[in-house]
Every structure is written in C-alpha cells, then in structure tokens.
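Since this is a predicted model, take the numbers as computed values, not measurements. These numbers come from the heavy atoms of this one structure, side chains and all, not from hydrogens, waters or symmetry mates. Just so you know, ligand 1 is whichever comes first in the structure, and atom 1 is the first atom listed for that ligand.
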Amino acid sequence: MALLKLENVTVNYGSINALSGINLEVNEGEIVTLIGSNGAGKSTTMRTIMGLKHCDGGKIFFNGEDITNKDTRVMVQKGIILSPEGRQVFPRFSVEDNLRMGAYTRPDQEIPETMEQVFQLFPKLRDRRKQIAGTLSGGEQQMLAVGRAMMAKPRLLLLDEPSLGLAPLVIKEIFDMIDKIRDMGTTILLVEQNARVALRHSDRAYVLETGRIVLSDTAQALLNSDMVRKAYLGGL
Ligand SMILES: Nc1ncnc2c1ncn2[C@@H]1O[C@H](COP(=O)(O)OP(=O)(O)OP(=O)(O)O)[C@@H](O)[C@H]1O
Ligand SMILES: [Mg+2]
C-alpha cells in the first residue's frame with residue numbers, strides 16, 4: 001500500500017482548472033519528484049495534499065485512510081508536513097525560535113532532542129541558532145525552512161522548490177541533506193524546476209503539464225527520456 005495516494009484529483013481556482021484528475025503515489029521510504037514548468041500545478045498539488053486548498057474532485061489517501069479535504073491540523077497530526085515554496089521563515093525570530101515553532105504539535109520534553117537531530121543535519125544552523133532568521137542568507141533560510149519542517153518529525157515531508165534561487169554549491173548541500181532525511185526514514189515528495197538535480201536524487205518522478213500527469217517512471221528512465229531531456233533538461 002502506498003503511503004500517499006492521489007486518485008483522480010481535480011482542483012479549481014474559481015473557473016480556472018489547476019489540476020485535472022491527477023493520479024500519483026508515494027511509497028514509504030521513497031523520494032518522489034514532481035517536475036513541471038511554471039504554473040503546471042505543482043504547488044497546488046502540495047497545498048491540496050496539506051488541506052490548504054480545497055480538493056474539488058477525486059480522493060487523497062494517507063496510509064490507506066481517506067484524508068481528502070481534512071483540516072490542515074489533522075494532516076500535521078498524521079505526520080504530513082509541508083516546507084512551502086519561498087521559504088517563509090519568521091524573519092524577526094531567531095533560528096532557534098523558528099525551529100521551536102515547527103515543533104508545536106510535539107511534547108515539550110522531546111523538543112531538545114529533535115533540535116539536536118536537526119542541528120546534526122544542518123551544523124550551520126547550530127552555529128547561527130541565536131541569529132535573527134531574516135538576516136540569514138538565502139541558502140541558510142532554506143535550510144531553516146526544512147529544519148523547521150523536520151522539527152515536527154514528519155512521516156511524509158513535502159518540499160516545494162527547496163533549491164529555488166540558490167547557487168549550485170548550495171543546491172548540492174540541500175540535496176545531500178534531502179538524501180540524509182530519507183536515510184533517517186522520512187518519505188519525501190519533492191517539487192522542483194531544477195529537474196536534473198532532483199531526478200538524480202529521486203527514486204521515481206511524475207511530469208505535470210497544465211494540471212495533467214503526462215509521464216511517470218523511475219527517475220533514471222526520465223533522465224534518459226527524450227521528451228524530458230528536451231523539455232526539462234535543456235536539450236538532448
Ligand atoms: N490563488 C490562486 N488563485 C487563482 N489561480 C491560482 C491561484 N494559485 C494558483 N493559481 C493558478 O493555478 C495554476 C497552477 O499554479 P501553481 O502555483 O500550482 O503552479 P506551480 O507548478 O507551482 O508553478 P511555479 O513553478 O511557478 O511555482 C496556475 O495557472 C496559477 O495561475
Ligand atoms: Mg509552485
């Protein structure tokens with residue numbers, strides 16, 4: 001049984017159709033990537049899974065249970081956590097306070113241990129734990145955003161464009177850390193425009209074009225696919 005399953009999911013913004021009956025599965029322990037151009041519906045998919053956007057048709061299952069249109073708080077309690085597009089750290093709060101806010105559903109006494117695990121994943125955040133988040137570099141803020149999501153001990157981590165706007169070396173750091181998070185036992189659904197790097201770090205992937213899944217396969221097969229290379233990897 002898949003950990004996450006989207007069955008024929010349709011989402012509209014008013015009269016605009018953003019997702020037209022998409023089917024997608026993520027198995028426990030996998031890294032699965034959703035690739036697609038601007039406006040394809042990637043963030044909409046993430047927000048709908050999280051219950052932040054209403055699902056207008058179809059069903060979403062988590063661990064076999066129908067979670068369609070449940071409250072976002074319910075998703076968080078079940079272990080689904082979103083690290084949203086554009087980082088969205090709390091700029092006036094310290095690194096440590098941002099991390100603590102990610103753990104709001106967890107018992108207080110467990111927070112120090114989880115924070116220690118996050119600091120092991122991101123040693124840079126430990127060095128800067130008293131720094132005001134708004135003064136961190138873009139890459140550091142992205143690490144903080146992912147670290148904050150990890151504070152909730154997710155079973156399924158949804159990462160929306162973690163590499164957006166970052167330099168190649170920082171992108172590498174972010175993806176190394178994504179591998180480590182998976183090795184710690186967290187399942188990951190990743191959204192990326194940076195298709196080449198994402199596919200190299202994924203088990204499987206789906207290609208989304210204007211609200212429809214047009215292709216899905218192992219990441220390796222998609223890296224070799226003419227269509228994907230032409231449209232998403234900068235040529236053949
Ligand atoms: N709040 C909204 N109101 C109306 N239309 C929206 C809203 N949010 C998204 N859309 C539309 O839904 C479609 C999918 O948007 P979405 O943000 O999911 O795309 P995306 O694949 O994440 O794009 P990007 O790569 O630019 O982040 C787009 O046509 C977008 O204009
Ligand atoms: Mg998006």
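Nearest protein heavy-atom neighbour of atom 12 (O) of ligand 1: Y13 CE1, 3.3 Å. Atom 25 (O) of ligand 1 has K42 NZ, 2.7 Å as its closest protein atom, hydrogens excluded (heavy atom only). For atom 28 (C) of ligand 1, the closest non-hydrogen atom of the protein is G39 O, 3.7 Å. Protein heavy atom in closest approach to atom 26 (O) of ligand 1: N38 ND2, 2.9 Å.
Using a 4.0 Å cut-off to heavy atoms of E85, the atoms of ligand 1 that qualify are 27 (O). Less than 4.0 angstrom separates some heavy atom of Q193 from each of these atoms of ligand 1: 25 (O). Near T44, meaning under 4.0 Å from one of its heavy atoms, ligand 1 places the atoms 14 (C), 15 (O), 16 (P), 18 (O). With ligand atoms numbered from 1 in the order given, ligand 1 contributes 25 (O) to contacts under 4.0 Å with heavy atoms of E161. Within the listing of ligand 1, atoms 12 (O) sit less than 4.0 angstrom from a heavy atom of A18.
With 2.8 Å as the limit, S43 counts as an N, O or S neighbour of the Mg ion (ligand 2). At a cut-off of 2.8 Å, E85 coordinates the Mg ion (ligand 2) through an N, O or S atom.
Classification of E28 and R155 as a salt-bridged pair holds, one side-chain N sitting under 4.0 Å from a carboxylate O.
Annotation: side chain of I178 is in contact with side chain of I31 (closest heavy-atom distance under 4.5 Å). Counting only heavy atoms from C-beta outward, the side chains of K53 and M46 never approach each other to under 4.5 Å.
When only interatomic distances are considered, the shortest N/O to N/O separation between G41 and ligand 1 falls below 3.5 Å.
Proximity of G14 to ligand 1 is not established, as no heavy-atom distance is less than 4.0 Å.
Test L233, V214, D217, L223 against V228 for side chain to side chain contact (heavy atoms under 4.5 Å, CB included) and you get one pass: L233. Of the residues R128, K130, R126, the one that meets the side chain to side chain donor-acceptor pair (under 3.5 Å) test with E96 is K130.
Here S43 has heavy atoms under 4.0 Å from ligand 1 in both its backbone and its side chain.
Taking a distance limit of 4.0 Å, we find that atom 30 (C) of ligand 1 is approached by no protein heavy atom.
The closest side-chain donor-acceptor pair between Q131 and T135 falls under 3.5 angstrom. One side chain, E85 or S43, offers a donor N or O that lies under 3.5 Å from an acceptor on the other. Residues T10 and D56 have side chains that never bring a donor and an acceptor to within less than 3.5 angstrom of each other. A donor atom on one side chain and an acceptor atom on the other are found under 3.5 Å apart for R106 and T114.
Under the 4.5 Å side-chain heavy-atom criterion for ILVMFWY residues, a single connected hydrophobic cluster contains both L190 and L144.
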